[in-house]
Structures are given as C-alpha cells and as structure tokens.
Amino acid sequence: MNKIAISLLALAALCAAQPATWFPPEQMMTIGVYYYPEAWPESQWERDISNIKKFGFEYIHLAEFAWAFMEPEEGRFEFGWLDKNVALAHKYGLKVILCTPSATPPAWLARKHPEILMIRDDGTRMNHGSREQADWSSPVYRAYVEKIVAKMAERYGTNPTVWGWQLDNEMSHYGQGMSYAPAAQDKFRAWLREKYGTVARLNTDWGNAFWSQMYNHFDDVQMPNARELVANPNPHAMLDLHRWFAAEAADYFRLQTSVLRRYVKNQWITSNFMMNYYLTNPALSEKDFDIMSFTMYPVSGGLFRGDLGFRMGDPAQVSFTHDLLRNLGSGIEGPMELQPGQVNWAPVNPWPQPGVVHAWIMRAFGLGARFVCVYRYRQPLFGDELYHKTMVEPDGVTLAPGGKEFVQSIQEVQALRKLYRPNAPQPKDYAARRTAFLYNWDNRWDMENHKQTIRWDTMDHWLKYYRALKSVMAPVDVISEEKDFSKYPFVVAPSYQLIDKELIARFTKYAESGGTLILTCRSGQKDRRGHIWESLWAEPIYDLVGAAIPKYDVLPEGRDGKVSAMGKSYAWGSWGDILEPREGTEVLATYADQFYKGSAAATRHKLGKGQVVYIGVDSITGELEADLLADVYKTAARLPLNFMVDWRDGFWVATNFTDTHQKIPAAAGAKVLVGARTIPPGGVAIWQ
Ligand code: GAL
C-alpha cells in the first residue's frame with residue numbers, strides 16, 4: 001500500500017471515531033477496574049464480576065498479559081475463558097476494555113526464537129520469566145504479535161460489549177533501556193540513511209570531526225552505547241538515538257493499530273504511557289490513537305516535598321500528564337491505571353495518606369479526565385505483585401481501604417452528574433490566565449544527555465513551572481511548539497535550549513501581538529542538531545529577551561547561591577544565567593552573592609503590545625518561580641505550592657497535597673458539594 005492510501009485509511013478511521021458516543025459529555029468521568037480472570041477459578045468469575053458492578057464500576061479491563069492463555073501453544077488459540085468473561089460483563093451491564101498481550105510473549109515463543117529477546121546495553125540477552133523482554137524491532141516478534149492481535153480483533157472487534165483496546169503495557173523495558181540486538185541496530189542504520197541521505201551529512205550533523213569519529217559508510221555506525229565507550233558518547237548521536245527509539249516504538253504501535261483497524265468497529269484504541277518515564281512518545285500523534293491514557297502511581301518511594309509528600313505523591317507530575325495527554329488526540333484522556341494503595345515495586349512502598357486515593361481521583365476529575373481505571377480488582381495470592389494493595393482484600397470480597405475511597409468517588413461522580421450543565425462557560429478570570437506550556441522532547445533529551453551539572457533535572461525544572469502555574473490557578477495546556485499558541489494569553493517555554501530562527505520569529509510575533517512569553521534558563525543556546533551557535537553565547541535570543549546572556553554559572557552540591565526578588569531571598573544551585581539587561585528592560589530578580597552579585601537573574605522586556613519575561617535562575621524550592629509568576633499574572637494572592645484548584649464543567653475542584661489544612665478559595669455564597677471549606681492534607685472540596 002502506498003503512503004497516500006495509508007493516510008487515507010488513517011483519515012477514514014479518524015472520521016469513523018466517535019468520542020462523543022464512547023464518552024458522553026454528561027457522564028463527565030467513568031470509573032472502571034482491571035480484572036485478571038485467568039488467575040482465578042472459573043467458579044469465582046461471576047461472583048467477582050457481579051461485585052464489581054455492585055460497587056458501581058462501569059467497565060472492566062481484561063486480557064492484558066494473557067498471551068499464554070490465548071495461545072498456549074503455537075497456532076492453538078483458546079478464547080473460551082475470555083468469551084465467558086466478556087459475556088458476564090455484558091450480563092452485568094459492564095463495558096470491556098481488551099488489551100493486546102504483546103508485553104508478555106509466551107515461553108514457547110522465546111524458546112523457539114531467542115532472537116525475539118532484547119539485548120541490554122551490557123550485552124546481556126533478556127529471557128522469559130518476567131515481562132517486556134521482547135525486542136520491538138525483531139521482524140519475527142512482530143509477525144507473532146500481528147497474528148495474536150489479528151485473532152483477538154477478529155473475535156471481539158464487533159462485539160458490542162467491547163468498548164475499546166489498549167495496546168501492550170507501559171511500553172518500555174522497565175529501566176533496562178533499549179534493545180541493542182542486531183535487528184535494532186539494522187533499523188537504526190536504516191533510519192539514519194533515510195534521514196541523512198549521505199554519510200557526509202551525518203558526519204557534519206553529528207560533529208564527527210571531533211575525536212576522529214568520522215564514518216565512511218552507514219554500515220559502520222552502531223547505536224551509541226555508553227557501556228561500550230571509554231569517554232562520553234557523542235551528544236548529537238545520542239539525540240538521534242532518542243529520536244529513532246521514539247520513531248521505532250511508534251512504528252511498533254502502528255503495526256498493532258493497523259491490524260486492529262482492519263477488524264474493529266466503533267471501538268477506540270489507546271495505550272497506557274508511563275507518567276514519568278516516556279510520558280508520551282513524540283513520534284505518535286492524534287492519528288495513531290483515539291484516546292490517550294497513562295499509568296499513575298504517585299506514592300512509589302519518592303520523598304517529594306514536605307513531610308507528607310511520600311504518602312501523597314507529586315500532584316504536579318500527575319496533573320502535568322493530564323494536561324499533556326488531553327492535548328493529544330481527541331482530547332479524551334485519563335489514567336488507565338491508578339494505584340489504590342501500597343504498591344510492591346518501589347524501593348520502599350509506604351501506605352498512602354488516608355483520603356489521598358480519593359484526592360487523586362478528584363484531581364483527575366478537576367482536570368477534565370474522562371475516565372479513571374483502578375489497578376486492580378483482586379490482590380494476587382502469588383507472583384511478583386502479591387504485596388500490591390487492590391480494590392478488595394486477599395479474601396476477594398471485602399473492600400480494602402483504597403477500595404472504599406474508590407466506591408466513595410464513584411458515588412460522588414454519580415451525584416455530580418445530576419448537576420452537570422452542558423457547555424458551562426469557564427469563569428472569566430480563570431480563562432484569562434489560560435497558559436500554553438510548550439515542550440519539545442528534543443530539549444529534554446539533549447539536556448539530559450549533556451547536563452553540564454549533575455544538579456540539573458529537566459523534568460524537575462519543567463514541573464517547577466507547572467507547579468507555579470497551578471499556584472496562580474492557571475488552566476494549562478501542555479502542547480508542542482507545532483501547535484498554534486497565539487490564542488493563549490500566556491506562553492511558558494521552559495529551558496528551551498534547541499531553537500531555530502523560525503521559532504524565535506514566532507515568539508517575537510506572539511509577544512508583539514500582546515502575549516506574555518515566559519522563557520527560562522538554558523534557552524536558545526543551540527540549534528536543532530544540538531550545535532552551539534557561532535555567535536555570542538545564546539545571542540540569537542538577545543533581541544527577544546531584551547538582554548544579553550554572556551555567561552551562566554552552576555554551583556557544586558552544598559554550595560547554594562542566593563537570589564533576591566520582591567524583598568525576599570531564595571536559594572539556587574543547579575543553573576543561573578547571568579543577564580545584562582538592555583536599556584528599558586526591567587530587572588525582576590538579582591543575584592545576591594558570588595562574583596556577579598548585583599547582576600540580573602530575571603528580566604521583563606516590553607515588546608510591542610506584549611512582554612517577554614526571562615527567568616534565568618532555577619531555584620531550589622520553586623517558590624521564586626511561583627512568586628515571579630504571581631507578579632506576572634497579577635494575582636493578588638497565590639495558592640501554596642501543591643494546593644491545586646481547577647475548574648471543570650461548572651465545578652470548582654480543590655485537592656490538598658500540602659502538609660497542612662487549606663482554606664478553599666470559594667465565594668461566600670458558593671455551594672460546597674463535596675468536602676468542606678477547609679480541607680486536610682489529602683482532602684478534596686468540590687463546589688459550584
Ligand atoms: C504498572 C504496570 C502494571 C502493574 C502495576 C503495579 O506500572 O503497568 O502492569 O504491574 O504497575 O503497580
């Protein structure tokens with residue numbers, strides 16, 4: 001099939017998609033649960049499924065990881081057990097999400113074709129006995145995946161109880177990096193050949209004149225692998241490796257979607273992305289998935305902020321993911337997996353703060369999520385995840401504490417549905433703070449490949465701004481730069497290191513036309529290949545910023561610097577751009593020590609009808625960023641970091657992820673529907 005025919009097919013599939021029927025707006029959010037019938041005696045299936053219905057769930061998620069049950073031997077397919085469970089779901093009025101089992105190839109496949117197994121960066125071949133061990137580049141593996149997906153799709157693609165499909169699971173190799181097997185090496189080289197055409201161009205873009213890295217043929221190129229290199233890998237080759245890996249993963253997804261689309265009718269397709277790992281894959285777009293979903297385990301060993309952070313997780317990380325995924329595809333997104341209690345896989349697995357499962361569900365609600373699915377219904381009695389809390393206790397019937405919070409949330413959503421007002425307009429002040437948060441995955445990869453200081457963490461820097469935006473109660477759309485950002489009153493483009501003349505021109509035009517553009521440290525230093533400009537340091541953005549950025553500093557661990565702004569002092573350590581404002585550019589923050597004491601750390605430049613704010617320093621706690629944004633957004637009082645309030649379908653939703661009680665910003669006459677006017681840590685309030 002040629003490229004035009006494929007695009008036409010994709011377009012036809014999109015036109016056939018019906019998000020409004022799949023997710024009726026008046027339902028707002030629907031809640032479901034994972035169930036693995038293959039692990040339980042058949043005699044318990046009906047009891048479990050009828051209880052799931054009784055608890056108020058509206059759908060179940062089946063068949064993930066069940067390849068060995070659907071194809072116990074090569075070519076012998078057994079779907080009787082799945083048919084029975086789909087039929088039970090139908091009997092009890094539950095919809096079904098089916099999952100392709102490609103994350104867990106059966107033992108017979110690995111024995112027969114060891115070449116389907118990934119090879120880690122240290123040369124170790126992965127083996128059967130866990131999951132995600134297959135190499136997505138292997139043509140043999142792809143052929144087997146195609147076969148099992150086709151069998152499932154043929155059988156269930158028109159079953160009216162089946163609502164949608166999830167592909168694979170958290171596509172990644174769980175911390176094992178990428179596969180360096182021969183099939184992957186071949187595909188990487190083919191991708192480079194297609195991208196560069198000639199090896200001379202690759203030599204230029206990769207800067208191979210450095211350390212005699214020149215190649216004579218594409219066949220000489222290997223995937224850069226730090227484990228095989230004595231000194232640091234080539235940063236430009238690393239950037240391409242990430243780009244290729246994203247493209248390769250997308251290609252593997254497309255293999256599965258193209259099979260499904262041949263059979264399914266009126267069923268949606270998604271995959272569940274990991275919240276803080278890939279987030280999503282920049283090589284995928286709205287053409288690939290009907291809806292977007294992610295997996296959400298906020299309490300998994302991290303300390304986060306404050307005394308209770310380890311029991312409540314980071315609301316910025318969770319919320320950022322919602323705001324990112326909503327802007328991909330049809331706008332329908334939600335967590336496909338939400339933790340209902342302790343997990344088993346983090347270095348330490350504490351008990352979550354009582355109430356916080358409810359708070360995560362309502363945080364999702366406040367951000368406009370259309371579904372939440374809990375991972376999982378029954379606590380396994382065997383296997384790696386037997387310590388994992390679930391909806392019910394190990395007896396299979398008694399609601400666990402997290403299960404009770406789910407049932408409470410289901411009942412609240414059902415009550416809120418009665419108050420749903422179609423097309424309720426966003427409150428004016430809130431809409432006036434609408435912000436586009438621009439991301440470009442190349443920036444993240446390049447900065448993470450080549451940090452210049454171990455104190456730099458790109459995601460932490462992005463989330464500092466996201467958290468600050470929530471503290472000024474801004475509705476945020478996390479979008480890529482290809483999208484039209486001109487309609488947003490505010491654009492935040494943090495640490496935008498890779499840039500080109502066209503984007504600088506778009507930024508300039510945006511500000512001149514009245515927008516407020518907020519840029520942050522490390523911006524504008526390199527071109528899209530990751531080469532620095534043959535100019536003064538970051539000079540291409542001086543006119544936009546209204547200041548020169550002749551130097552930056554980074555400080556060793558334990559030697560924090562000081563910045564002053566608005567009469568307060570803040571500590572920093574990871575990155576400080578030292579600015580030289582031009583005449584007319586206002587200074588918003590100043591370094592208070594080091595040899596550049598008194599130099600500008602943040603500036604505001606009026607440009608046409610708008611302004612460009614440059615915040616060149618990365619503070620430790622994020623309070624500086626939040627205070628500066630409160631000034632730029634002209635908000636009288638900002639909320640404490642991690643106390644987040646959003647608006648959805650006519651409802652205000654507050655969730656408290658701080659260590660202390662918080663008062664909700666509700667008008668005196670507002671009607672509080674859930675919670676109270678003051679809420680505890682892990683508390684929720686909803687009002688109209
Ligand atoms: C997720 C994964 C699930 C399950 C869960 C347990 O990361 O997608 O399959 O393993 O963790 O918390």
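Along the sequence shown, residues are numbered consecutively beginning with 1. Just follow the structure's listing: the first ligand is 1, and inside any ligand the first atom is 1.
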Worksheet item: Are the charged groups of Glu385 and Arg131 less than 4.0 angstrom apart, N to O?
Response: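 Judged by the 4.0 Å cut-off on N to carboxylate O distance, Glu385 and Arg131 do form a salt bridge.
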Would you say the rings of [Y] and [X] are close, in the sense that their centroids are separated by under 6.0 Å?
X: Phe57; Y: Tyr377; answer: no
X: Trp136; Y: Phe253; answer: no
X: Trp462; Y: Trp441; answer: yes

Item to complete: Might you list the protein residues in contact with ligand 1, defined as having a heavy atom under 4.0 Å from one of its atoms, sorted by chain and number?
Response: Phe65, Arg131, Asn169, Glu170, Tyr174, Tyr297, Glu337, Trp345, Tyr375, Glu385, His388
Discussion item. Tell me whether the NZ or CZ atom of Arg648 lies within the 45° cone about the ring axis of Phe365 and under 6.0 Å from its centre.
Written reply: yes
Worksheet item: Do the non-hydrogen side-chain atoms of Phe23 and Ile291 ever get within less than 4.5 Å of each other?
Response: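 Of all side-chain heavy-atom pairs linking Ile291 with Phe23, at least one is under 4.5 Å.
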